[in-house]
Number of protein chains: 2
Amino acid sequence: MSRTVGQVRVDVEGAAAWLAGRVVRTPVLRSPVIDDLAGARILLKAENLQNGGSYKMRGALRAVGRLAAAGHTGVIAQSTGNHAIAVALAAREHGLAATVVLPVDAAPTKVDRARAAGARVVLAGTDVEERVTTANELSDESGHPVVDAYDHPDVIAGQGTASLELIEEAERAGTPLDALVVPVGGGGGVAGACLAAAGRGIEVYGVEPVGCDSLARSLAAGVRVPVASAPTIADGLRPSCVGELPFAIVRDALRGVVRVDDDEISAAFRLILMEFKVLAEPSGAAGLAGALRLSGDAGVGFGRRRTAGVVLTGGNVEASLLARLVVQRPIAVTAAEGVAA
Amino acid sequence: MSRTVGQVRVDVEGAAAWLAGRVVRTPVLRSPVIDDLAGARILLKAENLQNGGSYKMRGALRAVGRLAAAGHTGVIAQSTGNHAIAVALAAREHGLAATVVLPVDAAPTKVDRARAAGARVVLAGTDVEERVTTANELSDESGHPVVDAYDHPDVIAGQGTASLELIEEAERAGTPLDALVVPVGGGGGVAGACLAAAGRGIEVYGVEPVGCDSLARSLAAGVRVPVASAPTIADGLRPSCVGELPFAIVRDALRGVVRVDDDEISAAFRLILMEFKVLAEPSGAAGLAGALRLSGDAGVGFGRRRTAGVVLTGGNVEASLLARLVVQRPIAVTAAEGVAA
């Protein structure tokens, strides 16, 4: 689970050893109702219970910890929210200054949580290019390095530790994973999952919102393909292009990508809340939505598998969105489509 | 943490040893926002993530396991819901028939879950006396014993194992509990908590809804006092009288009882959802509501304590009630009143 890509070494096991005791070892949840619905044993890694409310804490803490050890006194980050919160918390823990760049339409909860962690918050535009430009300018002015949200070996390795814990926990429980399903934004989490799963006979799937499918298109094309991200309730899964390093890692390792729409994400959100009894953000619920899609698809064969791990990546949701999401609607699990690779 | 009351031995440690591996060792959750609000370190034992969605699984499994070992082929139980679900699941696990008596106004979710676990469900009246009468009749007819929801040594011992795990986890984390706060229905959970905490210098508090305060009144009177339970959103906390065995255990061991109203329970429900990222039922949220009450009360001195454990007893909530509860309202934490004993 350590791999050298070009000049860069991505070391999930090393990150796991370093992070042990520094992050929450989040529980793996089960639900007989969900198992019935999926026709498979579903193990949900509840990273919504992680410090900072998402698995982004893992990569941020690993990356910022290394920068602190190298003598840096501040860091810059841009994200739609969770990575910014995580970098802010990680910087405070290491005594570094943090400046985080969020979109002007960022979820207020995420802005508040980044500020509460002591970060300077800069709002810039609505797409990732505007935030990257601003972050780079801030870095040039201050001399502080940018901690990329996904195109960074320590971030990928850190995010991969959530998958690694899930894999190990499943083995310990006597139900080793046949498949692992992870939501995809810039691809850091799914790249880490591929590294964590390497050599274990586990098929790894990514899940993208319909219209935010840069990874699916990139896998089909063989090169990275940006998309003009469509609107989605999964605000964390709308980067315009999968990262360079994540793509290099996943292109030969990923079994496929499944696309899910807002209705499927909303249904998965409600199932997670009512059956697993935990709060997901829509981006975090996308993993279960993808797993339920896959379970209905004979071509993918997920339903015949015995055990699937799903990473519930985060739980930072607006109260107003929550109020909309809990309104009951019928839950329809349809056959999969849009499986790439 | 083993105690003989009259002719009856209540053995929390023995129950814990027997239940290990048979129930989920639920996580203990933290939130910096809640710590700030309480002015104390709050450790939340997330028994909503227990099998069956509540800590009632512990006592039911212990009690039914013993009855199965003694050769019984069926069991009867009455409750407002969670104990019935737990007994149904425990009976299925041991291959016993289960008949559960629920009130006619039981939460549909709880009825569905009891049926899904294979129990025969009998609806009877709206108060505990009617259910007890029906359960006893069913027992007389069938010869199957009644597993009381709280007036039963194995049930008390089983429920106490949740508190024991929380106490042990707090010690292991280097933050031993100064106080332990548990919601009170019939008193089984709080009696188990008193036994688990015995000899450790931990002050145990019970929490009752306003108007459902049989334990507070009983402690003040020195004898058990029934109440005509007032309406409350905490449907699991409305027995008309604290149980005989629980009262015998807690009367000299409990530090006090705090009463909370529906607004406080609703506010605690939302804090648990948004900050701890887990779903409580109102009866389960009452524990945090009580802890926040206590934290504001100089007379009780809770705020000066360093660490308080709170048992989040369950998470089986109706979707319709959930939709009402997530509507945001200001959260007011007021000074405590109504502390008895």
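Treat the numbers as computed from the prediction; the structure is a model and nothing was measured. Letters A, B, ... are given to chains in the order of the sequence lines, protein chains preceding strands, and every chain is numbered from 1.
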remark   = Honestly, the part of B:Glu318 sitting under 4.5 Å from a heavy atom of chain A is backbone
message = Quick check: do A:Leu29 and B:Val24 have side-chain heavy atoms less than 4.5 Å from each other?
response = no
ask   = What's the shortest heavy-atom distance between A:Leu273 and B:Leu279, and which atoms?
value = O-CD2, 3.1 Å
inquiry  = Can you confirm whether more than 12 heavy atoms, excluding those of A:Arg120, are under 6.0 Å from its CZ atom?
reply    = no
inquiry  = Taking B:Glu275 first and then A:Arg113, would you say they form a salt bridge - that is, a charged N and a carboxylate O separated by under 4.0 Å?
reply    = yes
query = Hey, is the main chain of B:Asn48 close enough, under 3.5 Å, to the side chain of A:Lys277 for a donor-acceptor pair?
reply = no
task = Measure B:Asn51 against the heavy atoms of chain A and call it side chain, backbone, both or neither at under 4.5 Å.
result = neither
